[in-house]
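One is the number of the first residue; the rest follow in order along the sequence.
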Amino acid sequence: MRLTRREERYRLKHLTQVCHTTLDPKQPGVVRIHLLPPREDGNQDTPYTVILNGQDILPITFTWAVLLSAFMEELNVFSGREIPDEAYEQLTRRTLERVKKVYPFVSKSRFRKDLYRILDTLIRIARGEEPREDVGTLSIFAYAPYMRAPHRMDLMVSAMTDEKGVWQCNQRCVHCYAAGQPLAGQRELTTEEWKRVIDRCRQACVAQLTFTGGEPTMRKDLVELIEYAGFFITRLNTNGALLTKELCGRLYEASLDSVQVTLYSADRDIHERLVGAKRYDETLAGIRNAVEAGLSVSVNTPLCALNRDYVGLLREVSAMGVRYFTCSGLIPTGGACTEASERLALDRDALLNILRQAFAYCGENGLEINFISPGILTEQELRTVGATQIPSCGAALSNMAVAPDGEVVPCQSWLGESLGNLLTEPFDRIWDCPRCRQIREESAKGEQVCQLRQGKEES
């Protein structure tokens with residue numbers, strides 16, 4: 001069904017870019033809403049997408065997109081301020097008046113009921129509750145043909161080495177896939193250049209940014225960049241060694257949504273052997289500082305033959321207040337392809353045994369855990385250990401990455417194959433180039449396979 005003239009005018013003015021708002025900022029149960037437009041095909045039946053807190057993906061109709069966007073724009077007038085109780089009714093009235101201009105023959109009472117239904121549904125889903133509405137689900141694989149950009153862009157704001165080849169990371173992890181990767185542009189982007197990248201991510205309709213590296217906390221402008229990216233869901237991936245109380249407080253004030261710290265083991269010697277640095281105490285202190293600052297903290301652990309006591313790590317870190325955990329296997333790319341790294345890879349049975357114990361422990365203690373490496377274990381094997389989320393390749397589909405020099409790569413692990421530079425090329429040209437489309441089409445099959453791993457095995 002084609003859009004009416006009123007709908008098309010509204011779409012062109014309000015629905016060609018990502019709409020964003022936050023409900024109850026700084027309060028428990030915060031709901032970050034991003035409304036993403038599909039490709040512009042002028043068809044009312046093409047779904048819009050709502051992303052809640054960077055993870056839940058919901059399809060909504062064009063009519064609901066109009067109603068929700070009008071409410072979000074009115075709500076954003078109060079950005080950074082507390083909304084008085086008496087202002088809510090005025091805010092709602094203005095929302096309904098705007099929607100009536102698009103649909104003059106539908107009553108305001110009908111739209112008021114629909115608005116309350118939408119908000120109730122989104123809040124319940126974001127808080128992990130059962131919604132009253134049957135909104136249906138939409139997999140990213142089904143939505144792939146309508147997407148204009150990945151939902152998440154990883155910004156590798158720090159490089160492992162500088163333009164002179166000097167090592168810049170404060171660790172030398174055995175499993176680091178970014179080690180040894182050359183800077184195609186010969187230097188890291190400046191603060192202003194990264195801000196231009198962030199602007200272009202917004203223009204491209206990206207909803208979430210992850211600041212990573214290298215080690216992103218080594219950038220003096222990290223907080224400034226995160227604050228500049230306040231429009232997005234923002235996450236930070238770090239080794240945690242530089243997460244001081246002062247830095248964590250500044251990250252919280254910059255509205256960072258979550259931080260993920262890599263910790264290999266609760267055993268000091270094992271962790272420090274795997275990271276190549278004496279930074280165990282600093283990393284644990286960083287986790288504590290992030291928790292105490294009020295940041296949402298998760299801990300990721302690459303599993304290998306040396307850190308089999310994963311439950312010991314879960315026990316130690318959960319006692320510090322962390323409730324979210326991820327674990328992974330070896331990513332066969334870049335610096336992680338070294339002989340030293342591959343010698344430590346776990347065989348299938350050993351990995352399953354570790355995961356079986358870990359998922360059981362988390363289930364018994366109210367912790368959340370996910371295994372995030374696709375293609376290592378089958379779905380059936382993961383189901384048997386208790387996993388409910390099965391990883392699949394999201395390269396050039398759910399996520400992409402910008403390297404330290406501005407080059408866009410299919411995912412953070414897929415270094416060495418640039419699809420274009422975000423500072424010199426329009427993103428839609430990068431997104432629609434033949435190679436990017438080829439990788440995305442493979443990802444959209446939804447198969448439990450890592451394209452990098454598959455390519456290595458085939459070669």
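Side chain of Asn239 to main chain of Thr262: no donor-acceptor pair is present (N/O by atom type, distance under 3.5 Å, no hydrogens or angles). The closest donor-acceptor contact from the side chain of Arg132 to the backbone of Arg124 lies at 3.5 Å or more, if one exists at all. Put simply, the side chain of Arg200 gets close to the backbone of Leu423: a donor and an acceptor are under 3.5 Å apart. Using modelled atom types, one side-chain atom of Glu425 and one backbone atom of Asn421 make a donor-acceptor pair closer than 3.5 Å. With hydrogens and angles disregarded, a donor-acceptor distance shorter than 3.5 Å links the side chain of Arg279 to the backbone of Asn170. A donor-acceptor pair is defined here as one N or O able to donate and one able to accept, closer than 3.5 Å; such a pair exists between the side chain of Asn307 and the backbone of Cys304. A distance-only check finds no donor-acceptor pair linking the side chain of Gln412 to the backbone of Asp154 [under 3.5 Å]. In this structure, the side chain of Asp221 does not engage the main chain of Glu224 through any donor-acceptor pair within 3.5 Å. Under a 3.5 Å cut-off, the side chain of Asn365 and the backbone N or O of Leu367 do not form any donor-acceptor pair.
Residues Met160 and Cys176 come closest through the heavy atom pair CE-SG, 3.7 Å. What you find for Lys195 and Leu225 is that their closest heavy atoms are CG-CD2, 4.0 Å. The heavy-atom pair separating Ile140 from Ser398 by the smallest distance is CD1-CB, 3.3 Å. For Leu36 against Ala207, the heavy-atom pair with the smallest separation is CD1-CB, 4.0 Å. In this structure, Pro216 and Asn237 approach most closely via the heavy-atom pair CG-O, 3.1 Å. For Cys436 against Met400, the heavy-atom pair with the smallest separation is SG-CE, 3.9 Å.
Rounding to the nearest 0.5 Å places OG1 of Thr326 at 4.5 Å from CD1 of Ile372. Interatomic distance, Trp194 CH2 to Asp199 CG, rounded to the nearest 0.5 Å: 13.0 Å. Separation of atoms CG (Asp281) and CZ (Arg268) is listed at 4.0 Å; rounding is to 0.5 Å. In this structure, Tyr143 OH and Leu397 CG are separated by 12.0 Å, a value rounded to the nearest 0.5 Å. Put simply, CD1 on Ile270 and CD on Glu272 are 11.0 Å apart, with the number rounded to the nearest 0.5 Å. With values rounded to the nearest 0.5 angstrom, Phe78 atom CZ is found 11.5 Å from Thr21 atom OG1.
The side chain to side chain contact (heavy atoms under 4.5 Å, CB included) check on Arg202 picks up Phe231, Phe232, with sequence neighbours excluded. Partners of Pro426 according to the side chain to side chain contact (heavy atoms under 4.5 Å, CB included) rule, which considers only residues two or more places apart in sequence or in another chain, are Asp428, Arg429. Taking the ring pair (Phe, Tyr, Trp, His ring centres under 6.0 Å) definition, one finds that Tyr280 meets it with His271, sequence neighbours left out. Here Glu381 pairs with Arg348 under the salt bridge (Lys or Arg N to Asp or Glu O under 4.0 Å) rule; sequence neighbours left out.
Residues Pro302 and Asn300 are in side-chain contact: their nearest non-hydrogen atoms beyond the backbone lie under 4.5 Å apart. Looking only at side-chain heavy atoms (C-beta outward), Leu382 and Leu355 come within less than 4.5 Å of each other. With a 4.5 Å cut-off on side-chain heavy atoms, Val409 and Glu417 do not count as touching. In this structure the side chain of Asp267 never reaches within 4.5 angstrom of the side chain of Leu306, judged on heavy atoms. Annotation: side chain of Leu274 is in contact with side chain of Leu344 (closest heavy-atom distance under 4.5 Å). A 4.5 Å side-chain heavy-atom check between Leu251 and Val259 finds every atom pair outside the cut-off. When side chains are defined from C-beta on, Val275 does not count as touching Thr283, because their heavy atoms never get closer than 4.5 Å. Side-chain contact between Tyr146 and Pro59: absent, with no pair of heavy atoms (C-beta onward) separated by less than 4.5 Å.
Crowding of Tyr324 atom OH: a count of heavy atoms from other residues, nucleotides or ligands under 6.0 Å not exceeding 12. Counting heavy atoms of neighbouring residues, nucleotides and ligands inside a 6.0 Å radius, atom CZ of Arg437 does not exceed 12 of them. When the shell of 6.0 Å around CD of Glu129 is examined, it contains more than 12 heavy atoms from other residues, nucleotides or ligands. Open room surrounds CZ on Arg273; 12 or fewer heavy atoms of other groups in view lie less than 6.0 Å from it.
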Between Arg383 and Glu379, is a salt bridge (charged side-chain N to carboxylate O under 4.0 Å, His left out) present by the stated rule, with each step listed?
CA-CA 6 Å; Arg383 298 288 186 193; Glu379 178 175 351; 3.1 Å; yes
Given Phe427 and Val206, is the side-chain contact (heavy atoms from CB on, under 4.5 Å) satisfied, shown in steps?
CA-CA 11 Å; Phe427 181 76; Val206 174; 5.5 Å; no
Arg250 vs Glu253, test: side-chain contact (heavy atoms from CB on, under 4.5 Å). Steps then yes/no.
CA-CA 5 Å; Arg250 293 176 63 206; Glu253 292 302 319; 5.7 Å; no
Using the side-chain contact (heavy atoms from CB on, under 4.5 Å) rule, take Arg440 and Met147 through it: C-alpha gap first, then chi angles, then the decisive distance, then the call.
CA-CA 11 Å; Arg440 181 162 62 253; Met147 292 175 63; 5.9 Å; no
Going through the distances and angles, do Leu314 and Phe325 end up as a side-chain contact (heavy atoms from CB on, under 4.5 Å)?
CA-CA 8 Å; Leu314 297 172; Phe325 297 87; 3.5 Å; yes
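A salt bridge is absent between Glu441 and Lys445: the closest approach of a Lys/Arg side-chain nitrogen to an acidic carboxylate oxygen does not fall below 4.0 angstrom.
No hydrogens or angles considered: a donor-acceptor pair under 3.5 Å links the side chains of Ser443 and Gln451. Judged by distance alone, the side chains of Glu215 and Thr238 do bring a donor and an acceptor atom under 3.5 Å apart.
For residues 306-315, the set of pairs meeting the salt bridge (charged side-chain N to carboxylate O under 4.0 Å, His left out) definition, not counting sequence neighbours, is empty.
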All N/O donor-acceptor pairs, side-chain side in residues 289-298, below 3.5 Å, sequence neighbours left out:
| residue | atom | partner | partner atom | Å |
| --- | --- | --- | --- | --- |
| Asn289 | ND2 | Leu243 | O | 2.8 |
| Asn289 | ND2 | Ala285 | O | 3.2 |
| Glu292 | OE1 | Lys245 | NZ | 2.9 |

